[in-house]
Amino acid sequence: ILLPVEYDRVIVDGSFYIGMNYNNKTEERSYSIYRQSDSKQILNGVFNNVVVDGVNIITQSYVDPKDHQVHNSIGEAHYYTYYDIYNVDGTKLNSESYFDLQGDFGIDGLIPVIDTQGGHYYIDRQAKTADFDLSEYQAIEGFSNGLAAVQGKNGQYGYINTQGKLAIPLMYKSANYFQGGTALVYLEGGQYQLITPDNQVVTTFTKSLGAYSSEKDGQEASYSFIV
């Protein structure tokens with residue numbers, strides 16, 4: 001027997017076994033996480049969700065929005081969850097919980113977070129803050145194939161590289177993931193374009209966008225337009 005026979009549900013996720021029990025009365029989920037390599041329990045607790053991201057475990061904990069003394073507020077934004085990051089030994093890597101954490105680390109090993117003071121920045125898999133100057137940006141997005149969309153204080157979007165340097169100027173109304181060698185961007189004039197990582201225009205679309213793929217680190221992309 002690899003795990004005790006005491007869980008409502010057991011899943012295998014990456015290098016871990018995850019046992020979960022659900023309390024119908026309190027509506028709480030309790031998790032126990034074991035390493036596959038030696039079946040050792042490395043983490044357990046009550047979490048809203050648990051996500052395995054390679055060698056990291058990301059936990060999401062829930063704050064009841066009815067408890068106005070507990071929920072987290074930054075300006076007009078209210079956060080009812082918080083996030084923590086653990087390694088394969090079950091060691092918590094971040095000293096303070098994050099109010100928000102977007103997506104996963106991906107192939108570039110960086111993820112955008114919002115901390116308890118409202119600061120936004122990128123962290124690596126050791127929960128170390130990337131040494132980027134992001135003071136000129138009011139919003140940052142996740143990396144995809146080496147580039148991340150950022151929004152300047154002028155409301156326009158561009159892209160930074162994994163060294164935190166602006167690689168594509170702040171000139172677009174919206175900007176999406178780089179997938180399959182291009183990214184879909186939207187211009188003020190109402191046109192969509194596909195651009196390359198060096199900001200060369202591959203094609204321009206004048207028709208209305210119907211749907212598009214949005215896959216982090218995707219190697220292919222698809223777009224449909226309304227005729």
Report task. Consider only side-chain heavy atoms of I, L, V, M, F, W and Y, link residues closer than 4.5 Å, and tell whether Tyr172 and Val202 are in one cluster. Result -> no
Query raised in the report: So do the side chains of Asn21 and Arg29 get within less than 4.5 Å of each other, counting heavy atoms only?
Result: no
Query raised in the report: Does the side chain of Phe178 come within less than 4.5 Å of Ile195's, by heavy atoms?
Result: yes
Query raised in the report: Does the pair Asp84 and Ser97 meet the rule for a side-chain hydrogen bond (donor to acceptor under 3.5 Å, both in side chains), with working shown?
Result: CA-CA 5 Å; Asp84 294 302; Ser97 298; 2.8 Å; yes
Query - Ring centre gap for Phe99 and Tyr82 strictly below 6.0 Å - result: no
Report task. Compute whether any side-chain donor of one residue and acceptor of the other, for Gln191 and Thr204, lie under 3.5 angstrom apart. Result -> no
Query - Any side-chain heavy-atom pair of Tyr121 and Val113 under 4.5 Å - result: yes
Query - Nearest-0.5 Å distance that lies between atom CD1 in Ile33 and atom OG in Ser15 - result: 12.5 Å
Requested in this report: Can you measure from NZ (Lys216) to CD1 (Ile111) and round to the nearest 0.5 angstrom?
Outcome: 7.0 Å
Query raised in the report: Any chance NZ of Lys92 has more than 12 other-residue heavy atoms, nucleotides or ligands included, within less than 6.0 Å?
Result: yes
Requested in this report: Count the heavy atoms of every other residue, nucleotide or ligand shown that sit under 6.0 Å from OH of Tyr17, and state whether that count exceeds 12.
Outcome: yes
Report summary line: When rounded to the nearest 0.5 Å, the distance separating OG of Ser61 from CG of Asn49 is 10.0 Å
Query raised in the report: Any side-chain heavy atom of Ser174 within less than 4.5 Å of one from Val185?
Result: no
Query raised in the report: How many angstroms lie between CD1 in Ile114 and CG in Leu101, if you round to the nearest 0.5 Å?
Result: 10.0 Å
**Report entry** Working for ring pair (Phe, Tyr, Trp, His ring centres under 6.0 Å), residues Tyr186 and Tyr192
**Finding:** CA-CA 5 Å; Tyr186 185 59; Tyr192 288 95; 4.6 Å; yes
Query raised in the report: More than 12 heavy atoms of other residues, nucleotides or ligands under 6.0 Å from CD of Glu6: is that the case?
Result: yes
Report task. Quick one: pull up OH in Tyr223 and OH in Tyr212 and give me the separation to the nearest 0.5 Å. Result -> 9.0 Å
Query raised in the report: Picking from Val10, Ile57, Val52, what satisfies side-chain contact (heavy atoms from CB on, under 4.5 Å) with Ile18?
Result: Val52
Report summary line: Result for side-chain contact (heavy atoms from CB on, under 4.5 Å) between Ile123 and one of Ile85, Asn94, Asp115, Leu110 points to Ile85
Report task. Tell me, yes or no, whether the heavy-atom count around Asp131 atom CG, taken from other residues, nucleotides or ligands under 6.0 Å, exceeds 12. Result -> no
Report task. Kindly indicate, with the supporting measurements, whether the criterion side-chain hydrogen bond (donor to acceptor under 3.5 Å, both in side chains) is fulfilled by Gln60 and Asn48. Result -> CA-CA 5 Å; Gln60 179 192 56; Asn48 187 47; 2.7 Å; yes
Requested in this report: Check the pair Tyr7 / Ser32 against side-chain hydrogen bond (donor to acceptor under 3.5 Å, both in side chains), numbers first and verdict last.
Outcome: CA-CA 9 Å; Tyr7 300 110; Ser32 295; 3.3 Å; yes
**Report entry** Side chains of Leu93 and Asn56 in contact at under 4.5 Å (non-hydrogen atoms)
**Finding:** yes
Query raised in the report: How about Thr91 and Tyr86: do any of their side-chain heavy atoms sit closer than 4.5 Å?
Result: no
**Report entry** Asp13 and Val51, any side-chain heavy atoms less than 4.5 Å apart
**Finding:** no
Query raised in the report: In Å, rounded to the nearest 0.5 Å, how long is the span from CD1 of Ile168 to CG of Leu166?
Result: 8.5 Å
